[in-house]
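Notes follow once the structure below has been shown.
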Amino acid sequence: MKEIFPNYYEKFKCIADKCKHSCCIGWEIDIDEDTMDLYNSLDGEFAEKIRASIKGEVPHFVLKEGERCPFLNKSGLCDIILKYGDGAISDICYLHPRFSNFYEDFAETGLGLCCEEAARIILTEQEKFNIPLPSEAENVEFFKERADVFDILQNRDTTVLKRFEALAEKYHFRFEFSNEELYDFYMSLERLDEPWEDQLEKLKGAEGVSVFERQDLQIFFEQLACYFVFRHFERGIGFALLSCWVLGAICSDCKNFEQMLDVVRMYSSEIEYSEDNTEKVSAFLM
Ligand code: SF4
């Protein structure tokens with residue numbers, strides 16, 4: 001199947017030991033069938049260690065102290081890759097932080113914001129988001145409508161706030177929320193990490209979103225919105241609008257750009273990697 005990628009895709013390379021929030025910590029790592037077959041076929045002490053670290057009906061690595069993958073070494077590198085190469089790791093490890101949306105004749109594959117390096121690449125990209133659709137898809141209503149949404153979001157003659165408002169108006173959604181209301185809503189969702197709750201606390205007592213008007217953050221929010229539309233357009237645009245608002249509200253309290261990237265990374269981990277949360281956020285504006 002043909003696979004297509006956004007313009008920034010090739011810039012991504014895992015920063016491994018330099019990563020502050022490694023995906024080898026805190027996530028359950030399932031072993032796919034082919035990789036399990038490979039591990040079962042290997043001989044030697046290290047292969048024994050791999051097999052002894054796998055448990056469960058859906059085979060997965062049993063995490064060690066601090067929820068670390070047992071093969072993440074002290075230098076932040078993967079011992080399985082060091083020993084056997086990256087062909088020996090599970091699909092989930094090999095593909096992360098990539099995601100794919102499958103259509104009739106092709107798949108779109110992007111980078112997920114739950115990875116700090118992917119988030120940096122996506123949200124600092126100066127070139128407008130772009131993905132080279134196959135010619136047969138250009139006249140499909142779904143992609144035509146999505147292209148119109150991208151046009152609104154990428155209208156750099158006006159502020160991102162005005163673009164978001166224009167988009168909300170087109171789809172008859174509101175784009176004005178009480179941050180207290182959003183605090184209650186997001187606290188009602190499934191939560192994974194305590195630091196995310198600390199971020200949500202910032203919504204309490206906060207009014208509006210001041211950062212949408214900041215000149216230096218126009219690209220950041222444009223790319224953020226385009227990413228959400230790209231990843232979740234099948235669910236409508238409610239996910240993108242609500243997510244941009246709540247991230248804008250929390251980022252209004254951030255001291256610097258690094259903190260903002262971190263908030264976005266957490267949001268992606270908490271919301272986009274829980275089917276239940278993604279559905280509830282998508283439905284909020286309906
Ligand atoms: S989160 Fe991203 S940069 Fe960090 S270890 Fe995982 S893939 Fe690499």
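Numbers for residues simply follow the sequence, beginning at 1. Order of appearance sets the numbers: ligands from 1, and atoms from 1 within every ligand.
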Note to self: Are the side chains of Phe61 and Cys93 in contact, using a 4.5 Å heavy-atom criterion?
What the structure shows: no
Margin query: I'd like to know if the side chain of Ser243 pairs up with that of Tyr267 as donor and acceptor (distance under 3.5 Å, no hydrogens or angles considered).
Written below: yes
Next item on the list: Decide yes or no for Phe12 and Arg98: does some side-chain heavy atom of the first lie under 4.5 Å from some side-chain heavy atom of the second?
Entry: yes
Next item on the list: Applying side-chain contact (heavy atoms from CB on, under 4.5 Å) between Phe239 and each of Glu234, Glu272, Lys280, Arg231, report the one that passes.
Entry: Glu272
Check: Do we see a donor-acceptor contact under 3.5 Å between the side chains of Asn7 and Asn130?
Finding: no
Notebook entry, point to check: Listing residue and atom name, which protein N/O/S atoms are closer to atom 4 (Fe) of ligand 1 than 2.8 Å?
Noted result: Cys19 SG
Next item on the list: Give a yes or no on whether Val140 and Ile237 share a hydrophobic cluster (residues Ile, Leu, Val, Met, Phe, Trp, Tyr; joining criterion: side-chain heavy atoms under 4.5 Å apart).
Entry: yes
